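All residue numbers refer to positions in the sequence shown, counting from 1. Given the structure is predicted, the values throughout are model-derived calculations rather than measurements. Order of appearance sets the numbers: ligands from 1, and atoms from 1 within every ligand. These numbers come from the heavy atoms of this one structure, side chains and all, not from hydrogens, waters or symmetry mates.
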Amino acid sequence: MYRSYDDVMLEPQYSEVRSRKCISIAPSLEIGAPQCKTVLSMKTPIISSPMDTVTGVTMALTMYLEGGLGVLHRYNTVEEQVTMVKKLQSICGDQLEVVAAAVGVSGDFLERAIALREAGCNLIVVDVAHGHHILVKNALEMLRIKVGDNVHLMAGNVASVRGIIDLHQWGADSIRVGVGSGSICSTRIKTGHGVPTLEVLLQAKENAYCLENQPVLIADGGIKTSGDIVKAMAAGASYVMLGSLLAGTDQAPGQVISIGDKSYKNYRGMASPEAQNAWRGAVNSNEGISTMIPHKGCVSGILDDLNRGIRSGFSYSGAENLKELQELAIFKNVSPASSLESSTHILGLKGVVG
Ligand code: XMP
């Protein structure tokens, strides 16, 4: 069986964790070669996705201040993206330890990466839908030469153990796992391709012996709850990347749209016709949708809630940090009936006002 987040639960473990405050829910993020490494201590394992309705300057800054990370999107000109990088640094006041931005693998990507590096970016994301690709291999090799050893290279997306091993060997410092799992994705419908992200993580964990040292994995797409984040981390991810959970907040780019007494913001897949028309003036592929989601207010409240859930999740497995969680976690496959039991099922009962 190929398991997705809702197909499994984690078995509660004997615990000696006395306070949830003692739990470290995110590993440090390492940037640069060993001799000149920057080690960023993260307060949350959450990274905001490089999508044009999720991460602009305001989201990237807030994510950083909240102890996470935001990756500036690449759906603009080189000059516009460099301006975002500069703005991010001058808003902040203090020097940011990490500035992250995305690039592609063709066209101006090298020029873009060099300009981003010169502007102060030290985490570059090679951001393509099908990351297990020769163009990603070439891009990683060229980027390492052009931007140097002091830049963290994140790459993806992949959905196989072979993909993880290859990107690791091609020089990626961290790897985004997840193809077609995002809330706005239609890749699996349009192409028939994709593997549940949790399954890829679990298989990679089982095949860890194939790798000299453990690659840093980011579970990307399809995360709906803090419970899903705990499952992804227990299965081998160090971080998670979020789109829909952070979209619709005050810090996401875009205007609030009022309809009647309700308010919304746009959230769109970067392979949706709407997004492609907006940034390249044509539709090359159609593997995503554009939609409106409820306006959610400040992202800090959402992060607080997710962090509380993650902390509690670690404690249920008796873990004080990620390494312990990954060692102790016991996954149990669940039936559709038990999935129903896991939901707040009183809300479905007749007469209950929710
Ligand atoms: P969530 O579920 O957090 O997913 O909203 C966000 C992730 O979805 C990916 N992404 C896409 N995938 N078509 C796709 O198949 C698209 O148009 C698209 N846009 C974004 C991306 O990995 C993101 O982090």
So, E66 versus S300: side-chain donor-acceptor pair below 3.5 Å or not? yes
Hey, are N307 and T44 close enough side-chain-wise for a donor-acceptor pair under 3.5 Å? yes
Among side-chain atoms of N207 and R162, is any donor-acceptor pair under 3.5 angstrom? no
When you measure from atom 24 (O) of ligand 1 to each heavy atom in L242, D220, I218, L246, which option holds the nearest one? D220
Is M233 close to F314 at the side-chain level, that is, under 4.5 Å between some pair of heavy atoms? yes
Please verify whether a non-hydrogen atom of G178 lies at under 4.0 Å from ligand 1. no
Determine, considering heavy atoms only, which of G182, S290, S186 sits nearest to atom 4 (O) of ligand 1. G182
Regarding K265 and D250, does a basic nitrogen lie under 4.0 Å from an acidic carboxylate oxygen? no
T77 side chain to E80 main-chain N or O, any donor-acceptor pair under 3.5 Å? yes
Heavy atom of S272 under 4.0 Å from ligand 1? yes
Looking only at N/O atoms, are G243 and ligand 1 under 3.5 Å apart anywhere? yes
S272 and S290: side-chain donor and acceptor closer than 3.5 Å? no
Taking only non-hydrogen atoms of N157 and a 4.0 Å limit, the atoms of ligand 1 in range are 22 (O)
Compute the minimum heavy-atom distance from R268 to ligand 1 and say whether it is under 4.0 Å. no
Residue and atom name of the nearest protein heavy atom (relative to atom 19 (N) of ligand 1), distance in Å to one decimal: M270 N, 2.9 Å
Looking only at protein heavy atoms, which one is nearest to atom 6 (C) of ligand 1, and how far off is it? Y267 OH, 3.7 Å
Based purely on interatomic distance, does T187 place a nitrogen or oxygen under 3.5 Å from a nitrogen or oxygen of ligand 1? yes
